[in-house]
Structures are given as structure tokens and as C-alpha cells.
Asker: 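Let me give you the structure first, and then I'll get to my questions.
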Amino acid sequence: MKALVWFRNDLRLDDNPALLKAAETGLPIIPLYVHDPKNPRPLGGASRWWLHHSLESLDQSLQKLGARLILKQGDTASILDQLVKSLPISHVFWNRRYDQASIAQDSALKAQLKKQGLTCQSFQGSILFEPHTIKNNQNQPFKVFSPFWKHCLKHAQFDVPKPAPVSLNFYQPCVAESESLDSLKLLPTYPDWAGGLRQAWQPGEQGAQDRLKVFIDQGLLNYKTQRDHPSSPATSLLSPHLRFGEISLRRLWQMIQSHRLIKPELDNDADHFLREIGWREFSYYLLFYFPDLPTVSWRADFKNFPCAHDQALLKAWQKGKTGYPIVDAGMRQLYQTGWMHNRVRMIAASFLIKHLLQPWQWGEEWFWDTLVDADLANNASGWQWVAGSGADASPYFRIFNPILQGERFDPDGTYVKQWVPELENLSSSFIHKPWESDQKTLVQAGVQLGKTYPAPLVNHEKARIFALQAYEVMKGQVD
Ligand SMILES: Cc1cc2nc3c(=O)[nH]c(=O)nc-3n(C[C@H](O)[C@H](O)[C@H](O)COP(=O)(O)OP(=O)(O)OC[C@H]3O[C@@H](n4cnc5c(N)ncnc54)[C@H](O)[C@@H]3O)c2cc1C
């Protein structure tokens, strides 16, 4: 009898309920990861890069406990079926996923494995509150974040996170079943565009723990006031680690709570940070109840929005060549490092949807491909929030002004200058609106609009009026 642990979005040893349960059985264990290119959605390039390194790191951690990670690639159901037939597996454990395609797959597999006489058990390992347990007073799903989170906080009693096992009873013969990590072909080759990602990140459980420690020591105090300033190192940068489950949410929660006990001055910042974790919970919750969230507007009226569908505008936005420095800085940060600051994600997304009138789904797809933290739930809910089409979203008519946003959150242009170096000599008075600068100032700063840096693709005021007109057209179609 052997116990299979199927790793998915939980690439860690610490506080991993499925792994711990397998270890508790005392049976020899088989740690498995299946790269199923289709399910639930093909990963984007940056996520594939992250996954490669995260799997490598998980394997190294398992080796320290005397085990190896068994890698497989292909259709999950066929692979599990073949493994169960070729190895003496009696128990299968995994941590749950929450998108409906994965839920359907897991339910079918569980039923099949049980039918074959195996013990099969799943656990809560990647969110804090399971969606089916959270309902409002009318026994309906919440649609608004604040009451959702208030309700969650009332039930925030979690099991104490459990440390990684100190050793594992590994079923050695299963090594022969493993494919090599390189054969999964997750890394870019020609061209190798991942240099910026390598510089910025340390994927894996150790990287996640180091990141959390730095955040608690240096970022948490002032999180509330600084988190909107993209040049400030005030946010945790934990998003890709959370996406791949390299850190346990219970561990994160416990560390923040225990830290604030020692330092009560952190109270407000800690609450605010946990509230952002709450937004992650809410996104997973929405995806659970609205499986089409990544592709279909939650608000039915938005399905008729008159988008422009212009590939040239999309390209300019993707490349960070819109002529609006804060947008371009964000898009270039994304392309180079696989991550963009939350405030800038909102500004850049709003610009694509409202200034350029492109479908939010196009932006969602680009982020899906380029973000190391690309997350089915968070990405979709972020885009729908900005578009105004989501549950509890920012109203459509609230259109971000990229100049004022830049001046407010990047007043001296530090962030813009880092990612748009062709503007580095421009004074802070014009850094967010170079086209308003006089010719002499531009020449002194080495800027030639339309040559060294693009002229703005659209005029903000006019674009705002067009966007509001498009919104009226959409409403008219519905009425
Ligand atoms: C258009 C758009 C797309 C987005 N796409 C993604 C995505 O694919 N993956 C992703 O993880 N986040 C996404 N976000 C949310 C947010 O921008 C990132 O989670 C955040 O910038 C990550 O940086 P951090 O870890 O330093 O965040 P922190 O401020 O340190 O927050 C801690 C954690 O809370 C969660 N979180 C924070 N803000 C949000 C939010 N608004 N919604 C949901 N969870 C949140 C994340 O897991 C984050 O790591 C998106 C936001 C927008 C506006």
C-alpha cells in the first residue's frame, strides 16, 4: 500500500494538509505533479517560467527529506489511471482547487478512484474560507466585498499551521516513472526573454518565506499609507508565491497576527494587509459561483459594450508606448519583471478599457501571459473591477485620469523614470505629461516626442468623453 500526494497549486512542504495526511498514514509516499497543458487553462509564458523553478525548488526540498518529486505531463485523468494501475497505490491525497473546471475534474477522479477501491481525500490548502461555507443571511452568495469580508472575519478561526514533516517514507521505485523537468519545456529558449524575471524573483518555498520575512520587518509598518505608491517597497510581493501555493495562507495569517501582538502599532497596517488577502478570497469566491468570470462580464449589460477592437492600439499598450508615462512604465515593468504594482495595474487596465475602448478580455489575456502571478480568479476579478462590469466593481463612469494618478502616486516621477528611461531627465512638473512641456525643456531633457518617446495615443479629455458616450450607447441598448 502506497500513498500518492498530488501537488497542484500548493508547491510547498510547510502546512500542506495533503502531504501531512499522507505522511501520517506511515505509508511510503509518491509525491506527484502533473503538468496538464490544457487544464484548467494553458499557462502563460511568465507562469510557465515560474512553475519550472517552483517545481525544481519543491523537488530539492523533498530530496532533503529523502523523497523526489515525480513529474508527468499530459492528460491528468489518463496519467492518474496509468499510475494507479502500474504502482501499488492505495491512498490518494490532494488539496482542493476552486474553479469549476478543476472541481469537475477532481470530483470525477475522486469518484473513479473510490470505485477502484482506493482511499481518496481532499483538503483545504490554498484559501482561508471555502466558498460553499460562506453565504449571506438569505443563504445566497455575497456579491459585495465588505459584507463578505465582515462575515469571513467573524469566522476566522483557523487550525494552527503545521510544519513540514521532518522526513518522508518515500516509495523509491516510483522514480522510474518520472519525466524530467526539462522535458516539460516550461522555460523560454529562443529567445530567452526571462532575464528580468530571474533578476527579480526567487520562486519556491524558501523564496516565499524570505519575502514574507522582509515584508514583515520592513514593509508592513506603513503598508496602509504607502501601498499605493509604486516606487515604494511597501507591498509584500507575495502574489506569485501565493498563486503557486508556496506559502500557506494560514501560516501567513498566523505570522501577521502574532507580529501585531508584539508590535501593536502595526494594527492598522496588518488589518489593511489582511483585507487585501480578503480580496483574494473574494476573487476565488466569485470564480466559484461565476465560472465564466475570466471571459464573460458579470453584469449582463456590459456584454453589449461597443468596444473598438483595434489591434494596433492593443500593441502600443502592450509595448508601453501609449505616450502616457505612468501607463507605459507599468506595462514595461510587467514585460521586464512579470509583475506590476497594483495601483498601476488599475491605471493601465483602465486606460486600455476606457481610453482605448478595447475589450477588458484582451487585457486579461495579456496579463495572463505576462504576469508571474497570473491567477484565474484574481486576474479576472481585477479586470472586471476596473471595467465596471464585475461584482462590487468600480463604476464605469469613474475614469482614471492617468496624469493625475501619476502626479498623486508618483509625484517626483521616480517610478516612471525607472521604467521609461528616455524620460529620466524630464522635470517632475512634466514627467506625467511631457506633451505639455515647452520645446526648450524637452530638448534639454533629450526628449523628442514622437521619436524618442511617443506622443500620446489619445487626448485624455476627448477619450473620457468617448468612453462616457460608449457607456451611454451600451445602456441605451439595454433599456
Ligand atoms: C487588472 C488587474 C489584474 C490583476 N491580476 C492579478 C493576478 O493575475 N494575480 C494576482 O495575484 N493579483 C492580481 N491583481 C491584484 C493585485 O494587483 C496583485 O495581487 C498585487 O499587486 C500583488 O502584489 P503584492 O503581492 O505585493 O500585493 P500586497 O499588497 O502585498 O497584497 C498581498 C496579497 O493579497 C492579494 N491581493 C492584493 N490585492 C488584491 C486584489 N486587488 N485582488 C485580489 N487579490 C489581491 C494578493 O494575493 C497579494 O499577493 C490584479 C489587479 C488588477 C487591477
Side-chain angles (χ1 to χ4, degrees), residues 9 41 43-44 46-47 50 99 126-128 145 148-149 200-201 207-208 211-212 214-216 218-220 222-230 232-249 252-253 255-256 269-287 293-294 317 327 330-331 333-334 337-354 358 360-394 400 405:
N9 301 325
R41 173 179 178 179
L43 292 183
S47 299
W50 189 285
D99 62 281
S126 58
I127 53 177
L128 290 166
F145 173 73
F148 164 84
W149 191 232
W201 302 100
R211 201 59 102 171
L212 178 59
V214 169
F215 174 63
I216 288 180
Q218 295 167 23
L220 186 54
N222 300 327
Y223 176 78
K224 190 172 176 192
T225 51
Q226 289 301 307
R227 63 178 288 273
D228 270 319
H229 294 260
S232 160
T235 71
S236 70
L237 298 172
L238 280 170
S239 50
H241 299 289
L242 287 166
R243 152 67 183 90
F244 287 93
E246 296 169 354
I247 188 157
S248 138
L249 264 301
L252 178 66
W253 190 274
M255 285 188 64
I256 299 288
D269 297 297
D271 277 343
H272 208 88
F273 177 71
L274 294 178
R275 194 177 161 82
E276 295 309 314
I277 297 294
W279 273 102
R280 179 182 186 273
E281 294 288 318
F282 190 52
S283 302
Y284 276 67
Y285 183 82
L286 292 177
L287 183 65
L293 196 70
W317 176 81
V327 175
M331 297 309 294
Q333 179 182 32
L334 171 63
T337 68
W339 186 88
M340 195 198 299
H341 187 276
N342 180 59
R343 168 60 49 180
V344 192
R345 288 187 205 205
M346 293 194 286
I347 301 168
S350 172
F351 190 85
L352 179 74
I353 301 166
K354 299 179 185 175
Q358 303 308 307
W360 64 259
Q361 291 90 339
W362 284 12
E364 195 273 347
E365 281 170 20
W366 182 248
F367 272 30
W368 179 259
D369 195 29
T370 51
L371 278 171
V372 283
D373 64 27
D375 180 295
L376 204 58
N378 284 357
N379 198 30
S381 73
W383 277 95
Q384 295 231 32
W385 186 89
V386 176
S389 61
D392 198 11
S394 167
F400 277 119
Q405 287 283 314

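Since the model is a prediction, treat every value here as computed from it, not as a measurement. Computed from heavy atoms alone, side chains included, the values below leave out hydrogens, waters and symmetry copies. We count ligands from 1, going down the list as the structure has it; atoms in each ligand are counted the same way.
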Asker: Quick one: look up the protein heavy atom nearest atom 33 (C) of ligand 1 and list residue, atom name and how far away it is.
Answerer: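 Checked against all protein heavy atoms, atom 33 (C) of ligand 1 sits closest to Ile277 CD1, 3.7 Å.
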Asker: In ligand 1, which numbered atoms sit nearer than 4.0 Å to a non-hydrogen atom of Trp279?
Answerer: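 Those atoms are 40 (C), 42 (N), 43 (C), 44 (N).
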Asker: Check for me whether Arg41 meets the cation-pi criterion with Trp368, that is, NZ or CZ under 6.0 Å from the six-membered ring centre and within 45 degrees of the ring axis.
Answerer: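 Pair Arg41/Trp368 counts as cation-pi.
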Asker: Ignoring angles and geometry beyond distance, decide whether Asn378 reaches within less than 3.5 Å of ligand 1 through its nitrogen or oxygen atoms.
Answerer: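 Yes; at least one N/O pair falls below 3.5 Å.
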Asker: Taking side chain as C-beta onward, heavy atoms only, is Leu252 less than 4.5 Å from Phe273?
Answerer: yes
Asker: Are any non-hydrogen side-chain atoms of Leu334 and Trp339 less than 4.5 angstrom apart?
Answerer: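 Side chain of Leu334 against side chain of Trp339, heavy atoms only: no contact under 4.5 Å found.
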Asker: In terms of residue, atom name and distance, what is the protein heavy atom nearest to atom 13 (C) of ligand 1?
Answerer: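 Looking only at protein heavy atoms, the one closest to atom 13 (C) of ligand 1 is Arg345 NH1, 3.2 Å.
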Asker: May I ask which of Thr370, Asn342, Leu220 has a heavy atom nearer to atom 20 (C) of ligand 1 than the others do?
Answerer: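 Looking at heavy atoms only, Asn342 sits closest to atom 20 (C) of ligand 1.
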Asker: For Ala374, does its backbone N or O pair with a side-chain atom of Asn379 as donor and acceptor, under 3.5 Å?
Answerer: no
Asker: So, is the end of the Arg280 side chain (NZ or CZ) under 6.0 Å from the ring centre of Tyr284 and within 45° of the ring's axis?
Answerer: yes
Asker: Could you list the atoms of ligand 1 found under 4.0 angstrom from a heavy atom of Ala374?
Answerer: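 Near Ala374, meaning under 4.0 Å from one of its heavy atoms, ligand 1 has 8 (O).
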Asker: When you measure from atom 38 (N) of ligand 1 to every protein heavy atom, which one gives the shortest distance, and what is it?
Answerer: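 Answer for atom 38 (N) of ligand 1: Glu276 OE1, 3.2 Å.
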Asker: Find the distance between NE2 (His241) and CZ (Arg211) and round it off to the nearest 0.5 Å.
Answerer: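 His241 NE2 to Arg211 CZ: 5.5 Å, rounded to 0.5 Å.
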Asker: Under 4.0 Å from a heavy atom of Ser239: give me the atoms of ligand 1 that qualify, with their elements.
Answerer: 11 (O), 22 (C), 23 (O), 25 (O), 49 (O)
Asker: For atom 26 (O) of ligand 1, which of Asp228, Thr235, Leu242, Val344 has the closest heavy atom?
Answerer: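 Result: the heavy atom closest to atom 26 (O) of ligand 1 is in Thr235.
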Asker: Could you tell me whether a side-chain N or O of Trp383 sits under 3.5 Å from a main-chain N or O of Glu365, the two making a donor and an acceptor?
Answerer: no
Asker: Examine ligand 1 and decide if any of its atoms is less than 4.0 Å from a heavy atom belonging to Trp339.
Answerer: yes
Asker: Return the closest protein heavy atom for atom 5 (N) of ligand 1 as residue, atom name and distance.
Answerer: Asn379 OD1, 3.1 Å
Asker: Can you list the atoms of ligand 1 that are under 4.0 Å from a heavy atom of Phe273?
Answerer: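 In order of number, 30 (O), 31 (O), 32 (C).
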Asker: Mind checking whether Met346 has a heavy atom under 4.0 Å from ligand 1?
Answerer: yes
Asker: Nearest protein heavy-atom contact for atom 30 (O) of ligand 1: which residue, which atom, what distance?
Answerer: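 Atom 30 (O) of ligand 1 sits closest to the protein heavy atom Ser236 OG, 2.6 Å.
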Asker: Report the C-alpha distance between Trp317 and Phe351 in whole Å, list the side-chain angles of each, state the deciding distance to 0.1 Å, and finish with yes or no for ring-ring contact (aromatic ring centres under 6.0 Å, His included).
Answerer: CA-CA 9 Å; Trp317 176 81; Phe351 190 85; 8.8 Å; no
Asker: Any donor-acceptor pair under 3.5 Å linking the side chain of Glu281 with the backbone of Leu128?
Answerer: yes
Asker: Is any side-chain heavy atom of Tyr285 closer than 4.5 Å to a side-chain heavy atom of Ile127?
Answerer: no
Asker: Among Asp373, Asn342, Asn378, find the one that has a side-chain hydrogen bond (donor to acceptor under 3.5 Å, both in side chains) with Ser239.
Answerer: Asp373
Asker: Check for me whether Tyr223 has a heavy atom closer than 4.0 Å to any atom of ligand 1.
Answerer: yes
Asker: Distance-only, no hydrogens or angles: does the Glu246 side chain make a donor-acceptor pair with backbone N or O of Gly207 under 3.5 Å?
Answerer: no
Asker: Which of the atoms in ligand 1, numbered in the order shown and given with their element, are less than 4.0 Å from a heavy-atom of Leu238?
Answerer: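 It comes down to these atoms of ligand 1: 25 (O), 49 (O).
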Asker: Tell me which part of Phe215 gets within contact of ligand 1: side chain, backbone, both or neither, using heavy atoms under 4.0 Å.
Answerer: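 Neither; no heavy atom under 4.0 Å.
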Asker: Numbering the atoms of ligand 1 from 1, which are under 4.0 Å from a heavy atom of Asp373?
Answerer: 7 (C), 8 (O), 9 (N), 10 (C), 11 (O)
Asker: Which of the numbered atoms in ligand 1 are below 4.0 angstrom from a heavy atom of Gly382?
Answerer: 1 (C), 2 (C), 52 (C)
Asker: Go through ligand 1 atom by atom and flag the ones less than 4.0 Å from a non-hydrogen atom of Arg280.
Answerer: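 Heavy-atom distances to Arg280 below 4.0 Å select 43 (C), 44 (N), 47 (O).
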Asker: Starting from atom 24 (P) of ligand 1, find the nearest protein heavy-atom neighbour and note its residue, name and distance.
Answerer: Leu237 N, 3.6 Å
Asker: Is there side-chain contact between Phe215 and Met255, with heavy atoms separated by less than 4.5 Å?
Answerer: no
